[in-house]
There are 2 protein chains.
Amino acid sequence: MAKNQLSERDYLQSYNIHNYDVPLTSVDITIFTVLDNALNVLLVKRAQHPALGKWALPGGFIDLKKDRTLEHTAQRKLKEKTGVRTSYLEQVASFGSKQRDPRGWSVTVAYFALIDAAEIQLTHDERSEEVAWVPVKKVLNSTKLAFDHNAILERCYERLQGKVQYTSLPVNLLPEEFTLSELQSTFEIILDSTIEKKSFRRRILDADILQETGNMRTGSNRPAKLYRVQNQGENFMFSRNIEGPR
Amino acid sequence: MAKNQLSERDYLQSYNIHNYDVPLTSVDITIFTVLDNALNVLLVKRAQHPALGKWALPGGFIDLKKDRTLEHTAQRKLKEKTGVRTSYLEQVASFGSKQRDPRGWSVTVAYFALIDAAEIQLTHDERSEEVAWVPVKKVLNSTKLAFDHNAILERCYERLQGKVQYTSLPVNLLPEEFTLSELQSTFEIILDSTIEKKSFRRRILDADILQETGNMRTGSNRPAKLYRVQNQGENFMFSRNIEGPR
DNA sequence: ATCAAATAGTGGCACTGAGACACTAAGCTG
DNA sequence: CAGCTTAGTGTCTCAGTGCCACTATTTGAT
């Protein structure tokens, strides 16, 4: 073939993506937080076609100029909605099909993020989209999101629940200092089940994830030790699944 | 904005993807098999620019006409190289950046597949690419694959090793009937470590994944019971990690 | 002061599943 | 029949967890 006799340079010179049929490619983020003892997710009300007026996960197209990597795109989206820069961010899966977007074949790369709601205020962004925290349960039970965002949310939720079985991910939903009870409660909210106190404490403490800050949380009863994450934030493994008492 | 006063129909009518800067989007597959007591991966020698002449994971662009979903694209690629239709196929992650492809911003969705090498013969395909099984270890140690395919392979390998800790995935690398020793050996090859025989058998058997076929594998010593997968193939969970003896 | 309520945190036993490893079982070969 | 090889088992130990009752420390009401 003639093509193969071209040098790579000449080939690249003559290459023009606009000559090909390519899918739309975007990034969507499921941003979780804990609010009022429930796991919430950040939704935006679409201010543009398609699916105008519907609630959706925040997301959008890759900016070929500004974004260097997919993760960068995700971080940019996160920042636009929440103002948060540092946060736990993990790629979950990509969803692509001919059907999922009325504009045609499209692919979206889904991420999930964990943030401490207390630290941020939602950003009504320039396109004046509404932004809101909504309980995950409520969304899954009764909200029809734009595109296939229900399916994406479900997958992110599954992933979160799955990882919480054997990692300390939930620390990312709390402020820097927290008590073991607060942490346990966060685990319970995500797993939607109770955890036996002693087992939980043993596991967390034995895993050497946390370090005492020396401070105490005081309230209307016995004060509790405050902890912070040990090894610069990253998640850490346990040896077994967590199960609640029968 | 005027745009918001359009009906969705009019908006879609006027929408043309060629007016936007979009990334290239493709699908790549890491096809694993066990050959000569080693985990092998299928590589193709690129017959086209870019990276002409380099070894790469099989993959390619989404066919917007023929492919209905990403998974369909992956299956098509798998079929083109191996002729295999049914096989374990799992999406691993997407890799996207400005740098990874010299043609510009590109995203690839990586899958991995497990097949029984005995059942297939490699297809020297129409573009006359060379196709070969190569030991994973060898590739990771000493082969510079095209694009970021080394990183993709590593991630797929990690995912495989990870899942083998708590699922019965390796059954997908074996023929329909197999002995427990063969299965154990497959686990060991993937994990690159030995597993204690009794523990392995207890776990697999207690997990209720397998069913005896009634047949025996005979050889130059005591015959072994043959098993097949119980519940139509899907993987199944164990309760703990597998660890080799010290 | 004292006591109750509430949450923090611990002691300690039972159970389960995995590691270890020696043992038995059943075929083949010479 | 002895000896090799691989299949498959018996059983002890040990670690991590479930369970649940117990102690500890605070606030606030009486």
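Reminder, nothing fancy here: chain letters follow the sequence lines and each chain counts from 1. Just so you know, these numbers use all the heavy atoms, side chains as well, and skip hydrogens, waters and symmetry mates.
- Remark: P of D:dG8 and NZ of B:K225 are 7 Å apart, rounded to the nearest angstrom.
- Two residues, A:P223 and B:R222, neighbour DNA chain C, and the one matched to the more 5' nucleotide by heavy-atom proximity is A:P223.
- Spacing between atom CG of A:N221 and atom C1' of C:dA4 amounts to 13 Å, rounded to whole angstrom units.
- One can place CE of B:M216 at 9 Å from C1' of D:dA7, the figure rounded to the nearest angstrom.
- Nucleotide C:dG17 holds its P atom 15 Å from the CD1 atom of B:I204, rounded to whole Å.
- If you check distances only, the side chain of B:R202 does reach the base of C:dG19 with a donor-acceptor pair under 3.5 Å.
- When each of A:K54, A:K45, A:R46 is checked for a salt bridge (charged side-chain N to carboxylate O under 4.0 Å, His left out) with A:E130, only A:K45 meets the rule.
- A:S185 places no side-chain N or O within donor-acceptor distance of the main-chain N or O of A:S181, the cut-off being under 3.5 Å.
- Taking atom CZ of B:R201 as the reference point, atom P of D:dT9 lies 6 Å away to the nearest angstrom.
- For the pair A:F200 CZ and C:dG9 C1', the computed distance is 14 Å after rounding to whole Å.
- For the residue pair A:T108 / A:D28, a side-chain donor-acceptor distance below 3.5 Å is found, with atom types taken as modelled.
- Heavy-atom neighbours of A:N141 CG from other residues, nucleotides or ligands within 6.0 Å: above the threshold of 12.
- Here A:S199 lies in heavy-atom contact (under 4.0 Å) with a base.
- Between B:E196 atom CD and C:dA22 atom P there is a gap of 11 Å when expressed in whole angstrom units.
- Each of B:K198 and B:T179 lies near DNA chain D, and the nucleotide nearest B:T179 is the one positioned closer to the 5' end.
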Original post:
Going through the checks in order, is the ring pair (Phe, Tyr, Trp, His ring centres under 6.0 Å) test met by A:Y227 and A:F178?
Top reply: CA-CA 5 Å; A:Y227 292 82; A:F178 50 84; 7.3 Å; no

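- Contact annotation: B:S181 reaches the phosphate of D:dA7 (side-chain N/O to OP1 or OP2, under 4.0 Å).
- Between C:dG9, D:dG8, D:dT6, one nucleotide has an atom nearer to the side chain of B:K197 than all others, and that is D:dG8.
- Atom pair A:D208:CG and D:dG16:C1' shows a separation of 17 Å (rounding to whole Å applied).
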